[in-house]
Amino acid sequence: MERFDNIDSFGRAHTYVRVSVTPKCNLSCRYCAPGAQPSPCSQKNNKGTEISLPEMLGFIRALGAIGVEKVRFTGGEPLVRPDIEQLVEGAKAIPGIKRVCLTTNGVLLAGKAAALKDAGLDALNVSLDSLDRDRFRRITGSDGLGGVRAGIDRALGLGFKPKINAVALADLSFEEIDAFVKFASENRLTVRFIELMPFCEDDFTKTAFAPISRIENYLARKYSAGPPETDGVARNYRINGGKIGFISALSHPFCGSCDRLRLSSRGVLYRCLFDSHGLDVKTLREASAGDLPEHIGKFLAGKKEFHGISSASPADLKRVKNSMRFIGG
Ligand code: SAM
């Protein structure tokens with residue numbers, strides 16, 4: 001039977017929720033936490049803000065009831081949450097939830113991959129902006145490239161096919177693009193370049209932004225890549241047995257087919273990454289489990305047609321940057 005509680009006023013069915021399980025992170029990526037280097041993101045601002053495991057699972061259950069089928073745990077860094085395996089296992093057991101995925105920076109992945117597999121995790125994305133140790137350190141504030149590479153190797157050994165996400169930054173050289181092509185080819189993986197989103201209060205975005213087309217045109221020239229295939233929000237090119245993809249929320253927005261909701265670590269449901277207001281699920285604590293789908297359905301119906309980030313004011317951008325870890329990337 002077709003569900004209608006998950007369809008907004010533009011006819012978009014929402015089948016995917018991204019859940020930020022913690023605002024805490026063990027890296028301080030320049031574009032995500034500007035000014036935070038060299039210390040890891042502020043722990044003092046992040047205390048006491050996470051909703052509990054039963055609350056998170058309870059809400060995912062309500063989302064499952066309105067037709068959400070896919071859950072992605074993100075953050076902050078989801079692997080710093082000690083009960084992440086229980087969250088995966090709990091989400092897998094929810095009726096209607098068909099896929100449970102996770103996005104990680106990979107720092108703790110080598111030690112956690114087997115437990116995540118046992119918990120039933122279906123798929124992994126690993127964020128890895130550079131294959132060069134010094135550049136990795138400059139971007140993330142940490143000398144952790146070796147650990148991330150070990151995590152990816154471990155995941156591959158366990159049968160995961162992790163997708164690698166790299167934010168496209170101005171200092172990404174053509175040599176490093178070639179290194180990513182080689183890395184994708186050797187490991188039969190997909191590496192996706194993500195357009196930098198303008199979340200920084202200083203001039204970082206202006207100086208660090210790299211047009212995705214620069215990388216795409218370089219690849220087309222050098223590797224004679226055929227036409228791209230669409231995979232969700234990405235455009236992927238097959239090159240030498242690997243895939244190189246592009247995700248550009250600003251220059252190629254995918255709002256028309258957006259199927260995503262976002263649950264923040266503070267327990268607020270957002271209809272868009274760039275929204276300033278959401279539905280505080282804690283206000284629904286009194287609602288019976290049977291009424292939750294209707295509350296969510298009403299909230300969903302008011303989703304905006306486009307994200308509007310290109311015309312956002314500096315104050316809006318500051319707010320989005322501040323909430324990125326809570327809403328989840
Ligand atoms: N810690 C996990 C990780 O690194 O994958 C999950 C959270 S992180 C916020 C999720 C993704 O958001 C990462 O791939 C990160 O590169 C991306 N991200 C963060 N800030 C961004 C920005 N300003 N523009 C584009 N992507 C960004």
Side-chain angles (χ1 to χ4, degrees), residues 18-37 40-41 46 71-81 84 87 101-109 112 116 123-130 135-136 139-142 144-145 147-148 151-152 155 162-170 172 190-212 215 233-234 245-254 260 262-265 270 273-274 307 309-310 312 316-329:
R18 295 173 73 99
V19 182
S20 173
V21 297
T22 177
K24 295 174 194 148
C25 190
N26 45 5
L27 293 182
S28 300
C29 299
R30 185 68 184 82
Y31 48 78
C32 192
Q37 290 187 25
C41 68
N46 297 332
V71 177
R72 175 173 300 281
F73 291 122
T74 176
E77 169 50 40
L79 300 191
V80 303
R81 188 158 167 151
I84 187 66
L87 270 169
C101 313
L102 184 139
T103 294
T104 172
N105 60 30
V107 171
L108 300 174
L109 185 58
K112 292 259 183 186
L116 290 167
L124 265 174
N125 286 356
V126 180
S127 305
L128 174 58
D129 293 334
S130 181
R135 187 165 174 263
F136 180 95
I139 297 171
T140 64
S142 154
L145 177 62
V148 178
I152 294 170
K163 285 181 185 160
I164 310 301
N165 292 330
V167 176
L169 297 169
L172 175 70
T190 304
V191 173
R192 301 168 326 166
F193 291 102
I194 300 181
E195 193 169 58
L196 180 66
M197 293 181 281
F199 292 154
C200 309
E201 292 149 72
D202 53 21
D203 277 344
F204 180 73
T205 310
K206 277 187 216 146
T207 51
F209 184 84
I212 284 285
I215 309 171
V233 297
F246 296 91
I247 300 179
S248 359
L250 299 179
S251 54
H252 294 82
F254 28 85
R260 296 173 178 199
R262 294 173 183 271
L263 181 63
S264 80
S265 55
Y270 290 92
L273 178 59
F274 305 108
H307 60 50
I309 197 71
S310 310
D316 282 340
L317 295 177
K318 182 174 174 183
R319 179 198 41 72
V320 173
K321 188 273 291 183
N322 285 339
S323 56
M324 181 77 167
R325 289 166 190 280
F326 299 100
I327 303 183

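In listed order, ligands and their atoms are each counted from 1.
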Just jot down the ligand 1 atoms closer than 4.0 angstrom to any heavy atom of E195, in number order. 25 (C)
Can an N or O of E77 be found at a distance shorter than 3.5 Å from an N or O of ligand 1? yes
On a heavy-atom basis, the closest approach of F73 and P78 is O-CG, 4.0 Å
For I212 and I247, work out which heavy atoms get closest and say how close. CD1-O, 4.5 Å
For L109 and A155, the nearest pair of non-hydrogen atoms, with its separation, is CD2-CB, 4.2 Å
Where do S20 and G76 come nearest, in terms of heavy atoms and distance? OG-N, 4.3 Å
As an exercise, identify every atom of ligand 1 less than 4.0 angstrom from a heavy atom of G75. 6 (C), 7 (C), 9 (C)
Numbering as shown, the atoms of ligand 1 that approach V167 to under 4.0 Å (heavy-atom distance): 16 (O), 26 (N)
Short N/O distance, under 3.5 Å, between L196 and ligand 1? no
Would you say T74 and ligand 1 have an N/O pair spaced under 3.5 Å apart? no
Are any of the N/O atoms in S127 less than 3.5 Å from those in ligand 1? yes
Which ligand 1 atoms are under 4.0 Å away from a heavy-atom of G76? 1 (N), 2 (C), 6 (C), 7 (C)
Between L116 and L79, is any pair of side-chain heavy atoms under 4.5 Å apart? yes
Under 3.5 Å, is there a donor-acceptor pair between the side chain of E77 and the main chain of N105? yes
Heavy atom under 4.0 Å from ligand 1: found in N105's side chain, backbone, both, or neither? both
How does N125 reach ligand 1, if at all, at less than 4.0 Å between non-hydrogen atoms: by side chain, backbone, both, or neither? neither
Of all the heavy-atom pairs spanning K112 and R81, show the shortest one and how long it is. NZ-O, 4.3 Å
